[in-house]
Number of protein chains: 2
Amino acid sequence: MEPVRATYRLCSSANRIEERARALVLEQTVELPDPAVRDTSIRENVIGTVEGLRPSGEGAFLVDVAYPAGAFDGSTSQLLNVLFGNSSLQPDLELIDATLPGEEWARFGGPRFGIDGIRERAGVPERALTCAALKPIGLGVEELASLAATFARAGVDVIKEDHGIADQRSAPFAERVPACARAVAEVKERTGRDVAYVPHISGAPNQVLRRIDEAREWGASGILIEPMIAGLPFLTELVSDDPGLPVLAHPALGGAARIAPELLFGTLFRLFGADAVIFPHHGGRFAWDGGTCTRLAERLRVPRAGIRPSLPVPAGGMAVERVPELIRFYGHDVMLLIGGSLYLAGDALEERTRGFVRAVDSA
Amino acid sequence: MEPVRATYRLCSSANRIEERARALVLEQTVELPDPAVRDTSIRENVIGTVEGLRPSGEGAFLVDVAYPAGAFDGSTSQLLNVLFGNSSLQPDLELIDATLPGEEWARFGGPRFGIDGIRERAGVPERALTCAALKPIGLGVEELASLAATFARAGVDVIKEDHGIADQRSAPFAERVPACARAVAEVKERTGRDVAYVPHISGAPNQVLRRIDEAREWGASGILIEPMIAGLPFLTELVSDDPGLPVLAHPALGGAARIAPELLFGTLFRLFGADAVIFPHHGGRFAWDGGTCTRLAERLRVPRAGIRPSLPVPAGGMAVERVPELIRFYGHDVMLLIGGSLYLAGDALEERTRGFVRAVDSA
C-alpha cells in the first residue's frame with residue numbers, strides 16, 4: 001500500500017520545528033522516544049516520515065508527513081489513531097489535511113448511494129434538491145406528522161428530522177417515525193409526487209441498527225446520523241452492513257477547530273460512506289468562511305474511480321432569499337436544507353416552503 | 001428530572017453577549033430562531049435557560065445554562081447533542097463544564113469495577129498501581145509476548161498494549177492476544193504474583209464486542225478502549241452489556257472537540273462507565289497544566305452516591321524518576337503508566353521496570 005499522507009499545522013519556533021515534527025511522527029506511530037526504537041525495519045516500515053516543512057504564518061509550520069502501510073490495519077479506528085489520536089491532545093497542533101491512497105478508498109468504498117442514488121430515489125435528475133427539517137424537540141407525534149404533511153404538500157424533496165429529535169417522551173421514536181412516514185405517504189399518494197422522509201436515528205450501536213430496520217419497515221427513505229457522536233468506526237460498519245437507505249450525515253460534535261472541516265466532513269465522511277453530508281454554509285449561524293465551504297463541497301464531489309460522490313447539504317441558518325446565491329455557489333449537485341427560517345412564517349409555513357421549492361425550480 | 005447544567009466560554013463583546021447566549025441555548029435545543037418558537041410549553045420545558053453571564057478575560061464570557069429534562073431522552077447521544085452538538089462547530093465557543101443530576105448518574109451507572117474492583121483484581125489494596133505498555137507497533141507476536149513476560153517478571157501490576165497496536169499484519173489480534181496472555185500467565189504461575197494483561201480492543205462495534213469475548217476467553221484481565229474513536233454511545237452500551245472486565249479508557253482523538261479535559265475525561269468518561277482513565281500528566285510530552293490534571297483526577301474520584309470512582313492513570317511521557325512526585329500529586333489511588341521511557345533502557349528493560357516497581361513500593 002502507498003503511504004497515507006497527512007499535513008499538520010504546528011505552532012513552533014523555527015529552531016525547534018524539526019525536533020517537534022520528529023516527535024509528532026513518533027507519537028502517532030511507535031509512541032516511543034527515538035533512541036528506544038531498536039529495530040531498523042520498524043524505523044522504515046512503521047514510523048512516519050517528515051516529507052516537508054513549510055512556514056505558515058508567524059510562529060507556525062505546515063508539516064507534511066507520510067505514514068507507511070505498516071502502521072495501519074485497514075480499520076477506521078486505526079486510521080483515525082494514526083492521523084490524530086494522541087496528537088489531538090496537543091493544543092498547538094491541527095490536522096489540516098490527509099491523502100488516502102486508492103487502496104484505502106477502495107477498501108472503505110465510500111457512499112453506497114451517493115449523488116446519483118439519491119437523485120434516482122428522489123426522482124430529481126438535474127436541479128438542486130430541497131430539504132426541510134422537522135422541529136423543534138418538544139412537539140408531539142401528531143404535530144410532527146402534521147408538519148411532515150405540510151412540507152410534503154409544499155413539494156420539498158426531502159423532509160429530515162432535527163438531530164435533536166431523539167426518543168424524548170414528547171415524541172417517542174416508535175410512535176413518531178411510523179406516524180410521520182404515514183403522513184408523508186398519504187400526501188405522496190394524493191399528489192403522485194416523490195418525497196423522502198428521513199428520520200433521525202440515534203442511540204448506541206445495537207439500538208441504532210434496530211431502529212434503522214424499523215425505520216425502513218415503516219417507510220423511511222433515508223437515515224440521519226451524527227458520525228462524530230455515533231463513532232466513525234460504527235458509521236463504516238453500518239454502511240458495509242448495507243442499511244438499504246442513503247445515509248445523511250450530520251456534523252454534530254464535529255467541532256472542527258482542530259481537524260480541518262474539509263478533511264473531516266469532506267474527505268473522511270465520504271470515505272466512510274455518508275451519501276449526503278450536512279455542514280454550515282458561510283454567512284449563516286456558524287462563523288465559517290466561504291473558502292472552507294468550497295473546498296468541503298469539492299472534496300465531497302471530486303471524481304474518484306469507483307467511489308460515488310456524496311451530496312453536499314449546506315445548512316445552518318439559510319433562508320429562501322439565499323437560494324439563487326447558494327446554487328451559484330454550489331451548482332445543481334447540492335441539496336439545500338432550510339430549517340428554522342421556514343418556521344418564521346408561522347401559519348404560512350406551507351406557502352413559504354412552496355416559495356423555497358419554486359426558488360430552486362427557477363434557479 | 002433536575003436540569004442538566006453546562007458552562008460555556010464564549011468569545012463576545014459585552015454588548016452582544018446576551019444575544020449570543022440566547023442563540024446558544026436555542027441552537028442546542030430547538031434549533032429555531034426565537035420568534036419561530038410558537039409553543040409556550042416548549043419555551044418552558046425544552047429550551048435552555050441562561051442562568052449566569054460572567055466575564056472571563058478579555059472579550060469572553062462564561063455562560064451558565066440549565067437545560068430542562070424535556071430536551072433529553074436518557075441516551076448518551078442526546079446528552080452529547082444537547083451539551084455540544086451543533087455549538088462545537090462555532091470556533092469561538094468551548095464547553096467548559098457540565099453538572100449532571102443524580103438521576104443521570106444513576107441511569108448510566110458509571111464504572112462497573114472502579115478503583116476498588118481494579119485493586120481487588122490486582123491484589124493491591126493500598127499502594128499506587130503500576131502499569132507498563134507493550135509497544136511499538138511493528139513488533140511481531142513473539143516479541144510482544146516476550147516483552148509482556150519481561151514486564152510480568154519485573155513485577156508491574158498491569159501490562160497494557162499501546163493504543164496503536166491494532167490488527168496489523170505484524171501482530172494480528174487473534175495471534176497476539178492469546179500469546180501475550182499465555183506469556184503473562186506463565187510468569188504468574190512461576191512467581192505466584194498477580195499481573196493483569198490488558199489488550200487494546202479496536203475496530204467497529206460488532207468487531208469490538210467479538211474481540212472482547214475472545215480476549216476474555218484467552219485470559220485478558222481488562223480491555224483498553226478509545227471512547228472518542230469508538231463513540232461514547234458505544235462505550236455506554238458496551239459497559240451496560242457487562243463485558244466482565246474493567247475498561248481502561250484511552251484519550252485518543254479526545255482533543256478535537258474543544259471540550260474541557262476535566263469534563264470529557266473526568267466527568268463524562270466516568271459517567272459512561274470507564275473503570276480507569278488514561279490522560280497526559282503535565283510536564284510530559286503533552287502541554288497540559290497541573291491544574292487540569294488535579295481537577296481531572298478529582299472528577300474521577302470524588303465520592304458520588306452509588307457510583308464507583310474511576311482510577312486516574314496519568315501518562316504521556318513519565319519516567320521512573322518522577323514516581324515520588326506523581327504519588328505526592330495524586331496520592332495512592334492512582335495507576336502510574338510509564339511507557340516509552342522504560343524502553344530507553346534497551347536490554348536493561350526488566351531491571352528498569354523493577355526500579356519502577358520498587359519506586360512505587362517505597363513511595
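In this text the structure is predicted, and so the values were computed from the model without any measurement. Side chains included, hydrogens not; waters and symmetry mates left out as well; all remaining heavy atoms used. Lettering of chains follows the sequences in order, A, B, ..., and the numbering in each one begins at 1.
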Chemist: Given that the side chain runs from C-beta out, which part of A:Val30 has a heavy atom under 4.5 Å from chain B: side chain, backbone, both or neither?
Modeler: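 When you check distances to chain B, atoms from both the backbone and side chain of A:Val30 fall under 4.5 Å.
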
Chemist: Of the backbone (N, CA, C, O) and the side chain (C-beta and beyond), which part of A:Phe234 lies under 4.5 Å from a heavy atom of chain B, both, or neither?
Modeler: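 Both parts, backbone and side chain.
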
Chemist: For the candidates B:Leu139, B:Asp92, B:Leu26, which exhibits the highest count of non-hydrogen atom pairs separated by less than 4.5 Å from chain A?
Modeler: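 Most pairs with chain A among the choices: B:Leu139.
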
Chemist: Would you call A:Pro136 and B:Ile42 a side-chain contact if the rule is heavy atoms closer than 4.5 Å?
Modeler: yes

Chemist: What residue in B:Ala71, B:Ala230, B:Pro280 has the most heavy-atom pairs under 4.5 Å with chain A?
Modeler: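 Ranked by contacts with chain A, first place is B:Ala71.
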
Chemist: Please look at A:Pro251 and chain B and tell me whether the side chain, the backbone, both or neither of the residue comes under 4.5 angstrom of a heavy atom of that chain.
Modeler: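 Both parts, backbone and side chain.
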
Chemist: Could you check whether any side-chain N or O of B:Trp288 sits under 3.5 Å from a backbone N or O of A:Leu89, counting only pairs where one atom can act as donor and the other as acceptor?
Modeler: yes

Chemist: So, the side chain of B:Glu31 versus the backbone of A:Asp162: is there a donor-acceptor pair under 3.5 Å, distance only?
Modeler: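 A pair under 3.5 Å: no.
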
Chemist: Given a strict heavy-atom distance threshold of 4.5 Å, which part of A:Gln28 is in contact with chain B: side chain, backbone, both, or neither?
Modeler: neither

Chemist: Is it true that a side-chain atom of A:Ser77 and a backbone atom of B:Ser202 form a donor plus acceptor pair closer than 3.5 Å?
Modeler: no

Chemist: List the atom of A:Gln168, the atom of B:Gln78, and the distance in Å for their closest heavy-atom pair.
Modeler: NE2-NE2, 3.3 Å

Chemist: How about B:Glu143 and A:Asp39: do any of their side-chain heavy atoms sit closer than 4.5 Å?
Modeler: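 Yes, their side chains come closer than 4.5 Å.
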
Chemist: Does a side-chain heavy-atom distance below 4.5 Å link B:Asn86 with A:Glu226?
Modeler: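 No, their side chains stay 4.5 Å or more apart.
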
